[in-house]
Asker: 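Mind having a look at this structure? Questions to follow.
Here is the naming used below: chain letters follow the sequence lines, and residue numbers restart at 1 for every chain. The analysis underlying the following values was restricted to heavy atoms, covering all of them including side chains, and did not include hydrogens, waters or symmetry mates.
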Number of protein chains: 2
Amino acid sequence: MTTPENQPTIDRLAALCKALGHPVRINILHQLLREDRCICGRIVEILPLAQSTVSQHLKVLKEAGLIIGEVEGPKTCYCVDKVQLAALATAISALLPEIKLEQI
Amino acid sequence: MTTPENQPTIDRLAALCKALGHPVRINILHQLLREDRCICGRIVEILPLAQSTVSQHLKVLKEAGLIIGEVEGPKTCYCVDKVQLAALATAISALLPEIKLEQI
DNA sequence: ATCATTAATCGTTAAATTACGATAAGCGAT
DNA sequence: ATCGCTTATCGTAATTTAACGATTAATGAT
């Protein structure tokens, strides 16, 4: 059995985890949740990273579907797609369906 | 603010996500959960990958603390650390504390 | 029309990841 | 003591990632 039936689901979960798999991107998510929505420049001003680097991380998060970016004039405003983030938490929980939380 | 107070927590979360950020490693977790515990060779026989590659992925999961490996003679038996996996799900959920699940 | 601001993209470099075959190491059985 | 089985590690090559500065593109204001 080289390819489980639900490989697309697995690939999707892996992609989401991969996008979260860098401290800077978790920090960005944190900041977006804290301020609800942020201009790219706001994040640049908070993190000790070049603008191009922040933009790259935002791109990764956006392509994974974890954040949404809407252009507002010359600026781009980002916010977390909470549905996707919640779905990720649910998907990870669902990996261990047989476990009752009280057992752990 | 270049360094949030809870940076170690953030780094830990990122490390866990990074470990899960590859389809093969999710497949391995799946298999370990399905059979409860597995010899390395069992996983090699299921996945279309070389033994050294599987061993490498197991190492990544083990170093992240998501699986536990115990040597049994010449074999090594792996199983998921369900506490850690549950903690990961909880940590991701905790990113959005203000949200009630009914809202989404 | 020009200018300033903002963000995305390009090009580059260094480092990390992934995959493999080959080899080594550990253990049980003969 | 040796052999066979199992797994970890080594060495390597190809790909991807992460970071940066520089440039481009787009918009709003002058």
Asker: Would you mind reading off the distance between B:E70 atom CD and D:dT6 atom C1', rounded to a whole angstrom?
Answerer: 16 Å

Asker: CD1/A:I43 to CG/A:L58 distance, rounded to the nearest 0.5 angstrom?
Answerer: 5.0 Å

Asker: So which one's nearest nucleotide on DNA chain D is more toward 5', A:G73 or A:T53?
Answerer: A:T53

Asker: Kindly say if A:H57 contacts the phosphate of C:dA8, meaning a side-chain N or O under 4.0 Å from OP1 or OP2.
Answerer: no

Asker: Indicate, with a heavy-atom threshold strictly under 4.0 Å, whether B:I39 touches base, sugar-phosphate, or nothing.
Answerer: sugar-phosphate

Asker: Reading DNA chain D from 5' onward, which residue's closest nucleotide shows up sooner: A:L49 or B:Y78?
Answerer: B:Y78

Asker: D:dA8, OP1 or OP2 - any side-chain N/O from B:S55 closer than 4.0 Å?
Answerer: yes

Asker: Between A:C79 and A:L32, does a side chain to side chain contact (heavy atoms under 4.5 Å, CB included) hold up when you go through it step by step?
Answerer: CA-CA 6 Å; A:C79 65; A:L32 289 181; 5.8 Å; no

Asker: Strictly by modelled atom types, are A:N27 and A:Q31 linked by a side-chain donor-acceptor pair under 3.5 Å?
Answerer: no

Asker: Please state how far atom CD1 in A:I67 lies from atom C1' in C:dA8, giving the value in whole angstrom units.
Answerer: 13 Å

Asker: To the nearest Å, how far apart are B:K75 NZ and D:dA8 C1'?
Answerer: 16 Å

Asker: Please determine if a side-chain N or O atom of A:K18 lies less than 4.0 Å away from the OP1 or OP2 oxygen of D:dT17.
Answerer: yes

Asker: Identify whether any heavy atom of A:R42 sits under 4.0 Å from a base atom; if not, whether one sits that close to sugar-phosphate; answer base, sugar-phosphate or nothing.
Answerer: nothing

Asker: I need the CD1-P distance between A:I28 and C:dA7, as an integer number of Å.
Answerer: 13 Å

Asker: Would you say B:K62 reaches D:dA8's phosphate, i.e. side-chain N/O to OP1/OP2 under 4.0 Å?
Answerer: no

Asker: Thinking salt bridges, do B:K75 and B:E70 make one under a 4.0 Å N-O criterion?
Answerer: no

Asker: Separation of A:L58 atom CG from D:dA19 atom P, in whole Å?
Answerer: 13 Å

Asker: Counting distance alone, no hydrogens or angles: does the base of C:dA8 have a donor or acceptor under 3.5 Å from a partner atom on the side chain of A:Q56?
Answerer: no

Asker: Rounded off to whole Å, could you give me the CD1-to-C1' distance for the B:I43 and D:dT7 pair?
Answerer: 12 Å

Asker: Round to the nearest Å and state the distance from A:L47 atom CG to C:dA7 atom P.
Answerer: 13 Å

Asker: Between D:dT7, C:dT18, D:dG28, which one does the side chain of B:C40 approach most closely?
Answerer: D:dT7

Asker: Select base, sugar-phosphate, or nothing to describe what B:T76 touches, counting heavy atoms under 4.0 Å on all strands.
Answerer: sugar-phosphate

Asker: Choose from C:dA8, C:dA22, D:dT6 the nucleotide whose nearest atom is closest to any side-chain atom of B:Q51.
Answerer: C:dA22

Asker: Where the side chain of B:S52 is defined as all heavy atoms beyond and including C-beta, which of D:dC5, C:dC20, C:dA19 is the nearest nucleotide?
Answerer: C:dC20

Asker: Step by step, would you call B:L88 with B:L13 a side chain to side chain contact (heavy atoms under 4.5 Å, CB included)?
Answerer: CA-CA 7 Å; B:L88 172 57; B:L13 175 54; 3.5 Å; yes

